[in-house]
Amino acid sequence: MWRKPGNIYAHLFDYQPIAIIFDIQPTNISMKVNYYTIVLAALFGLGIADHSYGQSAKKQPNIVFILADDLGYGDVKKFNPTAQTSTPNIDRLATQGMMFTNAHSASSVCTPSRYGILTGRYAFRTSMKKGVLGGYSPALVEPDRFTIATLLKNANYQTAIIGKWHLGMDWKPIDPSKKAIQQNGPDGADLSNVDLNSPVVNGPNNHGFDYSYVLPASLDMTPYLYLENGKPDDLPLVPEQDVRTSRGVFWRGGFKAKNFKIENTLDHWVDKARGYITKASKEKDHPFFLYLTLTAPHTPWLPAEKFKGTSGAGIYGDFVAHTDDAVGRVLRVLDSLKLTENTIVIFSSDNGADWKKADLAEFPKHQSNYVFRGEKSDIWEGGHHIPFIISWPGSIAGNRSSNTTFCLADMMATLADITHQQLPKGAGPDSYDFWPLMSQNKPVVRPSIIHHSNDGMFAIRKGKWKFIDGMGSGGWSAKDPQDNAPGQLYNMEQDERETTNLYNKYPDVVKELKDLLELQKAQGYSVGGL
């Protein structure tokens, strides 16, 4: 997790300003020794010698992490050339950066995946064993839990989150002797005891973010309102009706801010993000970290008018095009402010796409989850195998791809390395450092990775083997026949579609992986020595 300095000696005289400063041409051994001594002293004095090669002339980078919501691996043209969706901006980012073709979310649904990103810890280690939170759910992130936002604040960063939160928060009651929110049916709530004029507790601002502008949960979950630093930016709240018009176009009834427009949300996030980047870039002594958590292409599928009919995958594909345009608008503001060269841009999705067999039947040319089995929520690859791109011109060589197994939870250890920090004891217990691979193409091997489904089913992958501790999808896909086995085993190098269950053929492999899974579940970490 600790980023080691690069070999400055090997590249010492590539640093041209030193040669210019001293303008020396050593001609004998004594002069050369003195010259090297002077140059090294100058390097250390300038604070350069403790940086890896490729960053010596750069300031600490800005970081923009764009997380799409329910975007499938096969929705991005660069990952799936036959995609019936258009993603030129995401493709541009992949060309100038590095693609991971074997990347995974920590879970196959929203809340636990986002917990893993923020904490570097699998969410099944919390009280959440299945499903997702609602808009009124209490906070999932523990009050003292170390987060990537805390990590970057410690490195002198301005930190912000704009977009979907979906990790719960504690609303403040008017009468402290009673609960703030009384549930009123499965989707409704009695808010009469909520103090909407006071900031929520255990929200983003309590977990390392200087600035937050968020939606409490998904865009199809009430309440529909923006919270700026924990407080609604528009009151009063008014009733919102349940809407279910067609496949992908629905949202639950409840409450919304009076002027909240669901169809405007995606572009609203981008407007706020562009404004934040412009303002934060003026703080020259403090780089910024923006965690931009989009609400698209999650339901409701509401592409703007100009994107309708632009894809071969219906309104979902059109909404993917709108999502790509949102990414492009963020990239363009970085370009316009001349920030691109020293800004790390990360792009990924929180889980697989909500793309069902009926959608495949209607649009057979588009595989939102690529060739992978299943969909969002499932333990199969379609649930958690996602696109991942990281770009940093000049420090990460462009137009590269890696099939190394990677998890979104690994961002904590990787960002610690990038910012020259050591994680505190107990932080990021499931997070591995991939910066050596990204920056210098040095091999990084993740010994194993645990997958978790919506219904709470576990899987573990080690090398070519993936063991699933149960039968079926563990999610929304239809249950398959039991196949005369209590679990599943797949050779992912030969069978990435997970079509041939080898559980009965390799009992020793099953036992090894089952034992490893149980060990990592029981001990509370997967990174050794924590």
Side-chain angles (χ1 to χ4, degrees), residues 61-71 75-79 85-99 114 117 148-149 152 157-165 204 209-215 219 226 228 264-283 287-298 302-304 306-307 319-350 386-396 398 408 411 415:
N62 303 307
I63 303 169
V64 177
F65 189 162
I66 305 174
L67 187 69
D69 195 358
D70 288 8
L71 182 80
D75 289 329
V76 180
K77 202 83 168 180
K78 194 75 172 176
F79 287 83
T85 46
S86 176
T87 55
N89 296 293
I90 301 171
D91 295 344
R92 167 205 159 183
L93 192 64
T95 299
Q96 73 183 33
M98 183 176 185
M99 299 165 50
R114 290 160 191 272
I117 294 169
I148 57 173
L152 293 169
Y157 275 73
Q158 306 167 76
T159 57
I161 177 171
I162 295 173
K164 172 178 169 177
W165 177 240
F209 291 102
D210 299 320
Y211 177 76
S212 67
Y213 190 87
V214 300
L215 184 75
L219 194 54
Y226 301 118
E228 186 166 32
N264 294 343
T265 305
L266 178 55
D267 289 322
H268 187 59
W269 295 135
V270 178
D271 290 342
K272 296 295 289 190
R274 286 167 60 93
Y276 175 80
I277 290 170
T278 301
K279 182 179 178 181
S281 66
K282 296 176 182 177
E283 294 288 334
F288 60 83
F289 167 57
L290 171 60
Y291 187 29
L292 178 57
T293 54
L294 303 176
T295 47
H298 191 291
L302 296 171
K306 68 177 181 179
F307 299 105
F319 205 26
V320 169
H322 192 171
T323 305
D324 177 79
D325 180 74
V327 173
R329 292 180 59 204
V330 174
L331 298 181
R332 287 193 290 276
V333 78
L334 294 173
D335 290 341
S336 69
L337 295 171
K338 296 182 170 48
L339 299 175
T340 301
E341 288 298 310
N342 201 38
T343 298
I344 297 173
V345 178
I346 301 158
F347 176 82
S348 193
S349 177
D350 60 347
I386 53 172
F388 180 88
I389 301 165
I390 183 166
S391 170
W392 185 10
S395 292
I396 297 176
L408 288 183
M411 286 313 305
L415 290 173

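What you see is a predicted model; the values in this text were computed from it and never measured.
Proximity of a side-chain donor or acceptor of H298 to a complementary backbone N or O of D69 within less than 3.5 Å is not detected. Checking side-chain atoms of T87 against main-chain N and O of D324 turns up no donor-acceptor pair under 3.5 Å. The backbone N or O of D350 sits nowhere less than 3.5 Å from a side-chain atom of R114 that would complete a donor-acceptor pair. In this structure, the side chain of D70 does not engage the main chain of A296 through any donor-acceptor pair within 3.5 Å. Between the side chain of Y211 and the backbone N or O of E228 there is no donor-acceptor pair closer than 3.5 Å.
Proximity of W269 to K164: side-chain heavy atoms (C-beta onward) are nowhere separated by under 4.5 Å. Two residues are said to be in side-chain contact when any heavy atoms from C-beta on lie closer than 4.5 Å; R329 and D271 meet this criterion. Between N89 and R332 there is a side-chain heavy-atom pair separated by less than 4.5 Å. Taking the side chain as every heavy atom from C-beta outward, M98 and F388 never approach each other to under 4.5 Å. A heavy-atom distance below 4.5 Å is found between the side chains of H322 and D267. Under the 4.5 Å side-chain criterion, counting only non-hydrogen atoms from C-beta, P61 is not in contact with F289. By the 4.5 Å heavy-atom criterion applied to side chains, V330 and L290 are not counted as neighbours. Counting heavy atoms from C-beta outward, K78 and L93 have side chains that stay 4.5 Å or more apart.
Considering only residues two or more places apart in sequence or on other chains, D210 meets the side chain to side chain donor-acceptor pair (under 3.5 Å) condition with K153, T159. The side chain to side chain donor-acceptor pair (under 3.5 Å) test applied to K272 returns no partner, not counting sequence neighbours. By the ring-ring contact (aromatic ring centres under 6.0 Å, His included) test, F79 is found to be paired with Y73, residues two or more places apart in sequence or in another chain being considered. Remark: Y291 pairs with F65 by the ring-ring contact (aromatic ring centres under 6.0 Å, His included) rule, at least two apart or across chains. Residues satisfying the salt bridge (charged side-chain N to carboxylate O under 4.0 Å, His left out) test with D91, not counting sequence neighbours, are none. Checked against ring-ring contact (aromatic ring centres under 6.0 Å, His included), Y213 has the following partners two or more places apart in sequence or in another chain: Y226, H268.
For the pair I396 and S391, the tightest heavy-atom approach, listed with the atom from each and the gap, is CD1-C, 4.4 Å. Taking every heavy atom of both residues into account, S281 and L337 meet most closely at OG-CD1, 4.0 Å. Between N62 and P287, the closest heavy-atom pair is OD1-CA, 3.4 Å.
With L331 as the partner, the side-chain contact (heavy atoms from CB on, under 4.5 Å) test is satisfied by one option alone out of I90, T343, V345, V64: V345.
Side-chain contact check for D335 and T340: at least one donor-acceptor pair (N or O, by modelled atom type) lies under 3.5 Å.
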